[in-house]
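For reference, positions follow the sequence shown, starting with 1.
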Amino acid sequence: MSTTPHPEAITLHIPSPDPGRPAHTGLRTAAARRPDPEPATSRQPTEPDTPLDLAGIGIGPFNLSLAALAQPLTHLRTAFYDQRPAFRWHPGLLIEDATLQVPFLADLVTLADPASPWSFLNYLKYRERLFPFYFAERFHIHRAEYDAYCRWVSENLPGLHFRHQVDAVRWNSDRASFEVDYTHLGDDGEAEALGRTHARNLALGIGTVPHVPDSLKPLVDAPAVPVLHAADYLAHRERLLTADHITVVGAGQSGAEVFLDLLRSRPAGREGLHWLARTAAFAPMEYSKLGLEHFTPDYTRYFHALPEPVRDQLLPGQWQLHKGIDHATLAAIHDELYRRTLHGGWPDATLTPGVTVRTAGRVGTTKVELHLDHPHQGARSRLTTDAVVLATGYRESRTDTLLAALDPYMRRDAAGRPRIDADQRLLLDPCVTGSVYVQNAEHHTHGVGTPDLGLSAWRSATILNSLTDSTTYPLPARTAFTTFGLRPSPPRNLTDIPRPNSTLIENP
């Protein structure tokens, strides 16, 4: 996030609801639904100085879900901002045939409102692909298809403002609202104008950023040897394939997919591949039916109610619930390796788990040397390679600069992290009467389901219920067969929900 000198401010236009659509007083009836969304329209608010009810910062899948579920609530005035020119979902990893690890029902809206016009099934209907999908019998869709679905929603849903870079957020006590400063970017990405809007509540959905280990950061910036994060894989794939030897670092799903794609693209006997993993094995993701219940609202509520030290102790041991590799991907890798032994010999592909990259350096101008540790053996080695793909995961985007003005109001835990209540709100000083909701930044308070697409619609509905102080979207009282803990906490009634920023929800 950056700040640019102010040229003339631009006027914010807020999209209007559909003319003639009945006011929303709860869940809509089927008769009130438009089967296909219409192009976004915009209008000036009746009172230009009236704050928005909700301003969303970032338009990834989670805030897109929130915007889609908020759209029929015609009494709410909302707007969502993103600095990118358009919606894209991990474009560097839309590898051919790669599928989502969650069923298609984990779209933006279905698990909160199955009859929403913004569902994946309605997208198929709109594209006249519903019958082909029916006969394809796909429960897990291609990742590229999910990206296309989200782009369809983003292109038709009113109230989304791309090329709007939010620079700063402040609390204005006189107006009882947040001031949101933004830069309107041109087609070339340069600042065209600056503006400001006010909102009673905010929703942060700025996503995650690729993580590069400190030992490899100097190499990423060196142009001569391709050392890149998996997030940029497809953009550099053709260049990578010209290298004699390629090393993939990281044993999650992204690392497995990159390794498999490279393996399939290299000639037999001259694969020149090495796959390194810090974990003790190339481990499959926990995908049993009861294991998946860790991604239910029931478990999220249970986890949130645990004491902070217990939560911190639990999280590292749950990595296989969300950082393992899909069984089908592991099987495909083994099948491809096995196929290459049919005529004798072994493929030139090495898979080594249990190692860490201690340091790295350049060898001449065309190679990289990785210094490896194997803690279980107490051994060290060096690996020389021509290219490196880092499938080393993602970290939550930092909000220090964006929320710097709110820092004095923010309540933090013993580790200095923001405290977040059960309704996704940052706990702020009571003098701040507005709410700041967070999406995909609450791993430490809400657990392993935080980045999971399957909880996006439920979380968005939770936020909207909190925002409207009503059961706008009725949510199920129970979602898992497993009873987590000896004292299960049922969902609270709306009458039990403390007002924004109360400290009663979050454990001290």
Heavy-atom donor-acceptor pair, Asn465 side chain to Tyr473 backbone, under 3.5 Å | yes

Side-chain touch Leu427/Met410, heavy atoms, less than 4.5 angstrom | no

How close do Thr468 and Ser470 get, heavy atom to heavy atom, and via which atoms?
-> OG1-OG, 3.0 Å

Value for NE2 (His322) from CG (Asp452), rounded to nearest 0.5 Å, stands at 10.0 Å

Does the side chain of Leu426 come within less than 4.5 Å of Tyr409's, by heavy atoms?
-> no

Is the shortest heavy-atom distance from the side chain of Ser173 to the side chain of Trp171 under 4.5 Å?
-> yes

Are Asp429 and Arg411 close enough that some pair of their side-chain heavy atoms sits under 4.5 Å apart?
-> yes

Among Leu202, Thr197, Thr78, Asn201, the one residue meeting side-chain contact (heavy atoms from CB on, under 4.5 Å) with Leu52 = Thr197

Answer yes or no: are there more than 12 heavy-atom neighbours, outside Arg412 itself, under 6.0 Å from its atom CZ?
-> yes

Would you please test Ile57 and Val169 for side-chain contact (heavy atoms from CB on, under 4.5 Å) and show each step?
-> CA-CA 10 Å; Ile57 302 174; Val169 172; 3.8 Å; yes

Correct closest heavy-atom pair for Pro85 and Phe162 would be O-CB, 3.6 Å

When rounded to the nearest 0.5 angstrom, what distance separates CD1 in Ile141 from OH in Tyr146?
-> 8.0 Å

Okay, side chain of His294, backbone of Gly291: is any donor-acceptor separation there less than 3.5 Å?
-> yes

Thinking salt bridges, do Asp53 and Arg77 make one under a 4.0 Å N-O criterion?
-> no

Determine whether the side chains of Thr99 and Arg143 contain a donor N or O and an acceptor N or O closer than 3.5 Å.
-> no

Any chance you could measure Leu93, atom CG, to Tyr233, atom OH, to the nearest 0.5 Å?
-> 9.5 Å

Using distance alone, with no hydrogens and no angle criterion, decide if Gln101 and Asp326 have a side-chain donor and acceptor under 3.5 Å apart.
-> no

With sequence neighbours excluded, tell me which residues meet ring pair (Phe, Tyr, Trp, His ring centres under 6.0 Å) with Trp458.
-> none

Is a salt bridge present between Asp232 and Arg237, judged by a nitrogen-to-oxygen distance below 4.0 Å?
-> no

Scanning both residues in full, the closest heavy-atom pair of Pro451 with Phe62 reads O-CZ, 3.5 Å

Can a donor-acceptor pair be found between the side chains of Asp167 and Gln165 at a distance below 3.5 Å?
-> yes

When you measure from the side chain of Arg311 to the backbone N and O of His444, does any donor-acceptor pair fall under 3.5 Å?
-> yes

I would like to know whether Phe481 and Thr296 meet side-chain contact (heavy atoms from CB on, under 4.5 Å); could you show each step before the answer?
-> CA-CA 10 Å; Phe481 291 111; Thr296 59; over 6 Å; no

Short question: side chain of Thr208, backbone of Ser397 - any donor-acceptor pair under 3.5 Å?
-> no

For Tyr394, the option from His211, His443, His229 that meets ring-ring contact (aromatic ring centres under 6.0 Å, His included) | His229

Return yes if a side-chain donor-acceptor contact under 3.5 Å exists between Thr482 and Glu293, otherwise no.
-> yes

Sequence neighbours left out, what passes ring pair (Phe, Tyr, Trp, His ring centres under 6.0 Å) with Phe295? Give chain and number order.
-> none

Grab the two heavy atoms, one from Trp89 and one from Leu94, that are nearest each other, plus how far apart they are.
-> O-CD2, 3.7 Å

What pair of heavy atoms forms the shortest contact from Ala231 to Pro210, and how long is it?
-> CB-CG, 3.8 Å

Distance-only, no hydrogens or angles: does the Asn63 side chain make a donor-acceptor pair with backbone N or O of Leu66 under 3.5 Å?
-> no

For salt bridge (Lys or Arg N to Asp or Glu O under 4.0 Å), just list the numbers for Lys323 and Glu286, CA-CA rounded to whole Å, side-chain angles, deciding distance to a tenth of an Å, and then say yes or no.
-> CA-CA 9 Å; Lys323 292 185 178 180; Glu286 169 56 58; over 6 Å; no

Kindly indicate, with the supporting measurements, whether the criterion side-chain contact (heavy atoms from CB on, under 4.5 Å) is fulfilled by Thr472 and Leu69.
-> CA-CA 10 Å; Thr472 301; Leu69 287 173; over 6 Å; no

Quick one: does Asp107's side chain have a donor or acceptor within less than 3.5 Å of a partner on Val109's backbone?
-> yes

Report the C-alpha distance between Ile325 and Gln320 in whole Å, list the side-chain angles of each, state the deciding distance to 0.1 Å, and finish with yes or no for side-chain contact (heavy atoms from CB on, under 4.5 Å).
-> CA-CA 8 Å; Ile325 304 170; Gln320 207 166 339; over 6 Å; no

Does Arg419 pair with Glu442 as a salt bridge, N-O distance under 4.0 Å?
-> no

Classify the side-chain pair Ser466/Tyr437 by whether it contains a donor and acceptor separated by less than 3.5 Å.
-> yes

Measuring from Tyr81:OH to Tyr182:OH, what's the distance to the nearest 0.5 Å?
-> 5.5 Å

Leu121 side, atom CG; Ser116 side, atom OG - distance, nearest 0.5 Å = 11.0 Å

Between the side chains of Gln424 and Gln439, does any donor sit under 3.5 Å from an acceptor?
-> no

If you take all heavy atoms of Ile420 and Ala441, which pair is closest and at what distance?
-> CD1-O, 3.8 Å

Within the distance-only criterion (no hydrogens, no angle test), does the side chain of Arg459 pair as donor or acceptor with the backbone N or O of Thr450 below 3.5 angstrom?
-> yes

Asp97 side chain near His142 side chain, heavy-atom distance below 4.5 Å | yes

With no hydrogens and no angle check, is any side-chain donor or acceptor of Arg163 less than 3.5 Å from a backbone partner on Gly186?
-> yes

Any Phe303 side-chain heavy atom under 4.5 Å of Leu315 side chain = yes

Will you find, in the side chains of Ser119 and Asn122, an N or O donor that is under 3.5 Å from an N or O acceptor?
-> no

Just by modelled atom types, is the Met285 backbone N or O under 3.5 Å from a matching donor or acceptor in the His327 side chain?
-> yes

Taking distance alone, no hydrogens or angles, what donor-acceptor pairs closer than 3.5 Å link side-chain atoms of residues 131-140 to residues at least two apart or in another chain?
from	atom 1	to	atom 2	distance (Å)
His140	NE2	Tyr287	OH	2.8

Residues Arg264, Asp261: salt bridge by 4.0 Å N-O rule = no

Honestly, is Arg151 close enough over Tyr149, meaning NZ or CZ under 6.0 Å from the six-membered ring centre and within 45° of the axis?
-> no

For the residue pair Leu467 and Leu76, establish whether any side-chain heavy-atom pair is separated by less than 4.5 Å.
-> yes

Mind running ring-ring contact (aromatic ring centres under 6.0 Å, His included) on Tyr126 and Tyr123 for me, showing each step along the way?
-> CA-CA 5 Å; Tyr126 184 85; Tyr123 160 72; 8.0 Å; no

Mind checking the CG-CG spacing from Leu160 to Leu157? Nearest 0.5 Å is all I need.
-> 4.5 Å

Between His446 and Arg301, is any pair of side-chain heavy atoms under 4.5 Å apart?
-> no

Has the side chain of Glu155 got a donor or acceptor atom that lies under 3.5 Å from a matching backbone atom of Val153?
-> no

Using distance alone, with no hydrogens and no angle criterion, decide if Glu179 and Ser177 have a side-chain donor and acceptor under 3.5 Å apart.
-> no

